[in-house]
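Down below is the structure, laid out as structure tokens.
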Amino acid sequence: MKIYPIEAGNFKLDGGAMFGVVPKTIWNKTNPADENNLIDIATRCMLIEDGKRLILIDNGMGNKQSGKFFGYYSLWGTHSVDASLAKYGFHRDDITDVFMTHLHFDHCGGSVIWNKDKTGYEVAFKNAKFWSNKDHWNWATNPNPREKASFLKENILPMQESGQLNFIEKGTEAWSKSEDMNFDIFFADGHTDKMMIPKILYQEKTLCFMADLLPTAGHLPLPYVMGYDTRPLLTLPEKEKFLREAAQNNYYLWLEHDAHNEIITVEETEKGVRLKEIFTYNQVFGA
Ligand SMILES: [Zn+2]
């Protein structure tokens, strides 16, 4: 089994919204804002090659929204899913499974593209199974007014229409096991309903794809919860449990949204769980 980082593109988000109740004087130290109060955000997805399977975890925003829409998110950098896949000799048609932590636009927008004559949509990975879970799918396709702007129909429905949509059952914690792969899932309900956090055993280390449970290294202190979370009081115990376990077992935490820190480890301190070390992917898992 091999794992590769797939950078799907960078953007910016309002720093205040990203840090909820935390004042700017504090979060600005770890996540410095630009003149518009925006902070750097990545969409660092993960590719797992396991025998004949090629599994992509999340896929960024995609490119089918309007210029006006993307204007709100100040896209920057030159990354794309296609370019990142090509770097390792892969093409999007090689992907056998697309695992989506949740269906917010910056995690699943790359699943769907315009069709050739731009009259409708089609899935971007024509040979893949798309994986969500039933509760989250229902939550996303009947969105509450607060999350509605994050669940875009055009990102979601074409996966079902293609017949390629599959659901993971909660309770199937070991989603995928092979001789080489051990892929567990932690379900979290604080950010959105039934977000799925992958925990993968790789090179004798536990690598956790943190998605929106821990968007950046700056979010480690417990109350540093995004304003976007639908149930912040539930994020607190979920995050505490996960980070404690991560500190005790020296998990490697893959930060999807941190533009400047790829992977971190954490440790228990008297103040709670805090940053231990920062690594690039290559430093931990490079050849
Ligand atoms: Zn999200």
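Whatever order the structure lists ligands and atoms in, that order sets their numbers, starting from 1.
With 3.5 Å as the limit, one finds no donor-acceptor pair spanning the side chains of Glu147 and Thr230.
One of the N, O or S atoms belonging to Asp212 lies under 2.8 Å away from the Zn ion (ligand 1). Among the backbone and side-chain atoms of His107, none of the N, O or S atoms lies under 2.8 Å from the Zn ion (ligand 1).
Ionic pairing of Arg231 and Asp193 is present here: one or more N-O contacts between side-chain nitrogen and carboxylate oxygen are shorter than 4.0 angstrom.
The ND1 atom of His104 and the NE2 atom of His102 meet at the Zn ion (ligand 1) at an angle of about 90°, given to 10°.
Within a 6.0 Å radius of CG in Asn261, more than 12 heavy atoms belonging to other residues, nucleotides or ligands are found.
Using a 4.5 Å heavy-atom threshold, the side chains of Phe19 and Thr216 count as touching.
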